[in-house]
Amino acid sequence: MNYSDFYQRSVDDPNGFWADEARRIHWQEPFSRVLDYSKPPFTRWFVGGKTNLCYNAVDRWTGSQGDKPALIAISTETGSEKTYTFAELHAEVNRAAAMMQSLAVGKGDRVLIYMPMIAEAVFAMLACARIGAIHSVVFGGFASNSLASRIEDATPKLVVSADAGSRGGKVVAYKPLLDEAIRMAQHKPDHVLLVDRGLAAMERVPGRDVDYAELREKHADAQVPVTWLESNESSYILYTSGTTGKPKGVQRDVGGYAVALAASMDYIFGGKAGETYFCTSDIGWVVGHSYIVYGPLIAGMATVLYEGLPIRPDAGIWWSIVEKYKVSRMFSAPTAVRVLKKQPPEFMKKHDLSSLKTLYLAGEPLDESTSEWISSALDVPVIDNYWQTETGWPILSIARGVDDRPARLGSPGVPMYGYKVKILNEGTGKTCGANEKGVVVIEGPLPPGCMQTVYGDDRRFLDTYWSNFADQQAYSTFDWGIRDADGYYFILGRTDDVINVAGHRLGTREIEESISSHPNVSEVAVVGIEDKLKGQVAVAFAVLKNAQAATTAEERRTLEGEIMAVVDRRLGALGRPARIYFVTLLPKTRSGKLLRRAIQAICEGRDPGDLPTIEDPSALHQIEGALKS
Ligand code: ATP
Ligand code: MG
């Protein structure tokens with residue numbers, strides 16, 4: 001089958017296309033309509049059909065592969081490693097479901113999961129799905145403020161948490177952060193279910209706090225029947241990463257999500273039942289929801305849950321996991337690959353990676369040098385994929401399960417089936433021609449799996465995403481992009497990462513690309529800062545491959561001049577930054593996204609504010625230091 005025809009059918013005949021795809025999952029009761037789009041842009045997929053995410057991810061496989069691995073939980077932080085078969089996973093999920101029911105949690109109740117990357121987090125998610133409770137997983141790296149605002153918004157009846165997480169061998173106590181968050185929030189959960197890993201002492205609140213292990217004992221033999229849900233009931237709420245402001249509570253359905261994931265595991269990720277999938281993301285992000293937990297399990301694959309760093313105990317850890325568990329597909333992020341790139345390549349060569357077929361990367365722009373480096377180091381194809389928390393699965397990628405059209409360096413690929421992707425001119429709203437830059441939008445109806453609405457706030461859903469182009473039913477991604485003459489898309493950065501230099505609008509991403517092309521630059525962040533004369537000017541912070549080349553002030557000036565000359569050649573003098581500073585670290589979120597706004601604030605002498613998602617706060621001090629140099 002040729003991908004162009006396949007894609008065309010998906011958008012010309014969504015009813016026929018998705019009715020076929022829906023056969024991939026179990027329906028307890030069949031749906032009566034594939035798509036109800038009577039209240040655009042709200043979509044209702046598989047109307048009337050009854051199904052359950054937990055059933056499709058777990059129960060469905062206990063017969064044919066009950067004794068095959070389902071969840072492989074590895075922690076290099078605590079030195080533990082445990083494989084759960086589908087039968088064992090089924091038993092644990094039933095226990096967790098019974099525990100939740102004993103705490104009066106039922107269908108439609110929210111359960112907030114604030115957990116490190118341990119098996120119980122997955123049990124809790126699947127248990128919620130089983131009984132129709134709506135989970136909201138909050139990334140374990142968040143502190144009290146972020147947690148409090150999510151407790152406030154999701155109003156959970158129950159919070160599932162643990163004594164602590166661990167990162168790079170350092171214990172991070174969760175319980176005090178959680179207690180503080182609950183204190184800050186107006187809403188109070190009835191109960192807090194706590195996994196005690198024995199990492200940090202916990203003070204328990206009598207009547208509210210419950211011990212996971214103790215309660216589990218009481219429900220050791222529990223069998224909890226699946227609660228069948230209408231396809232459009234809610235499965236979960238997940239807040240966006242908050243790179244550009246207040247996070248939005250993305251609300252997702254049941255049936256559409258299950259079908260979308262099942263199809264993507266075949267067409268995009270090429271996973272087969274019985275194989276092992278290793279996604280290095282965190283369950284706190286959408287990639288973790290879709291491709292650590294639900295996607296691989298729905299496809300009958302074993303999934304690896306990894307707590308730890310990619311370079312500890314050494315940079316070979318991921319590759320030893322690939323070897324040991326014969327991982328066939330791996331999913332990671334460019335930021336992680338850049339970490340590995342700084343390590344000697346010998347760590348990969350030590351391991352037998354012959355099981356690995358493909359590496360998928362997503363979450364941020366994949367630069368050509370990172371892509372080429374990892375692809376040749378692993379000797380497997382690297383497939384970029386572009387999507388958002390809002391969409392739940394890739395918008396742009398290469399569907400190697402359909403045909404073997406080649407990927408193109410620097411491009412995440414072509415629109416995935418079901419997505420009517422367009423590039424619109426920001427001012428006129430007209431569709432851009434080939435290689436003409438505009439805003440990446442998706443014409444409604446959004447395919448199955450995408451967000452239903454902003455939790456509790458339909459208005460915000462409409463105003464935020466659907467109101468940027470008058471008279472057009474277009475979902476805005478808030479990303480700049482272009483489409484080349486062959487239909488490949490390129491993402492040029494976020495629409496709010498635009499700077500205005502003397503009336504000219506420049507994407508910071510474009511300037512970063514050109515700076516990155518200098519052979520000594522490994523990473524760079526560009527921000528626009530206020531300038532009396534020009535409105536704004538670009539300022540760059542670069543991390544060097546060889547920092548030795550810029551130790552003296554004179555060397556730094558020479559290098560700065562060299563890099564500026566590169567930008568002049570590639571972008572023109574308008575794009576040339578006013579200054580290029582050298583640092584060894586850039587401020588990023590824990591999910592690897594550059595915190596350009598924080599850098600900009602520091603440059604303009606403002607307070608960068610509360611940055612709960614920052615990976616390493618010392619990166620901000622480096623920015624301050626560099627400005628003074
Ligand atoms: P918020 O919406 O709260 O500001 P966020 O946009 O960072 O947070 P996510 O949904 O996690 O939250 O990230 C999606 C965004 O990440 C995309 O809109 C895009 O900017 C970027 N992105 C994801 N994958 C890619 C990719 N393969 N190439 C380029 N950019 C990507
Ligand atoms: Mg976003």
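In each ligand, atom 1 is the first atom listed, and ligand 1 is the first ligand listed. We count residues from 1, following the sequence as given.
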Enquirer: Taking salt bridge (charged side-chain N to carboxylate O under 4.0 Å, His left out) as the cut-off, I'd like each qualifying pair that reaches into residues 366-383, sequence neighbours left out, listed once.
Expert: Arg338-Asp367
Enquirer: Who passes side chain to side chain contact (heavy atoms under 4.5 Å, CB included) against Gln536, sequence neighbours left out?
Expert: Ile499, Asn500, Gln600
Enquirer: Between His135 and Tyr236, what is the ring plane arrangement, given parallel below 30°, perpendicular above 60°, and tilted in between?
Expert: parallel
Enquirer: Measure from NZ or CZ of Arg405 to the centre of the six-membered ring of Tyr3, then state whether that distance is under 6.0 Å and the direction lies within 45° of the axis.
Expert: no
Enquirer: For ligand 1, which atoms, with element, lie under 4.0 Å from some heavy atom of Asn385?
Expert: 24 (N), 26 (C), 27 (N)
Enquirer: Would you say CD of Gln343 has more than 12 non-hydrogen atoms from neighbouring residues, nucleotides or ligands within 6.0 angstrom?
Expert: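 Yes, because the 6.0 Å sphere around CD of Gln343 holds more than 12 heavy atoms from other groups.
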Enquirer: Go through ligand 1 atom by atom and flag the ones less than 4.0 Å from a non-hydrogen atom of Asp479.
Expert: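 This gives 17 (C), 18 (O), 19 (C), 20 (O) as the contact atoms.
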Enquirer: Out of Gly363, Pro394, Gly410, Pro412, whose heavy atom is nearest to atom 21 (C) of ligand 1?
Expert: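 When every heavy atom of Gly363, Pro394, Gly410, Pro412 is considered, Gly363 comes closest to atom 21 (C) of ligand 1.
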Enquirer: Heavy atoms only, cut-off 4.0 Å: how does Lys248 contact ligand 1, side chain, backbone, both, or neither?
Expert: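 Side chain only.
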Enquirer: Tell me which one of Arg509, Lys593, Gln388 gets a heavy atom nearest to atom 13 (O) of ligand 1.
Expert: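 Answer by nearest heavy atom: Lys593.
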Enquirer: Can you sort out which atoms of ligand 1 are near Thr240, meaning under 4.0 Å from one of its heavy atoms?
Expert: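 Within the 4.0 Å cut-off of Thr240, ligand 1 contributes 1 (P), 2 (O), 3 (O).
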Enquirer: Hey, is Asp384 touching ligand 1 through its side chain, its backbone, both or neither, going by heavy atoms under 4.0 Å?
Expert: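 Contact part for Asp384 vs ligand 1: side chain (C-beta onward).
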Enquirer: Measure from NZ or CZ of Arg329 to the centre of the six-membered ring of Phe269, then state whether that distance is under 6.0 Å and the direction lies within 45° of the axis.
Expert: no
Enquirer: Heavy-atom distances under 4.0 Å decide this one: backbone, side chain, both or neither, for Trp387 against ligand 1?
Expert: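 The part of Trp387 near ligand 1 is the backbone, not the side chain.
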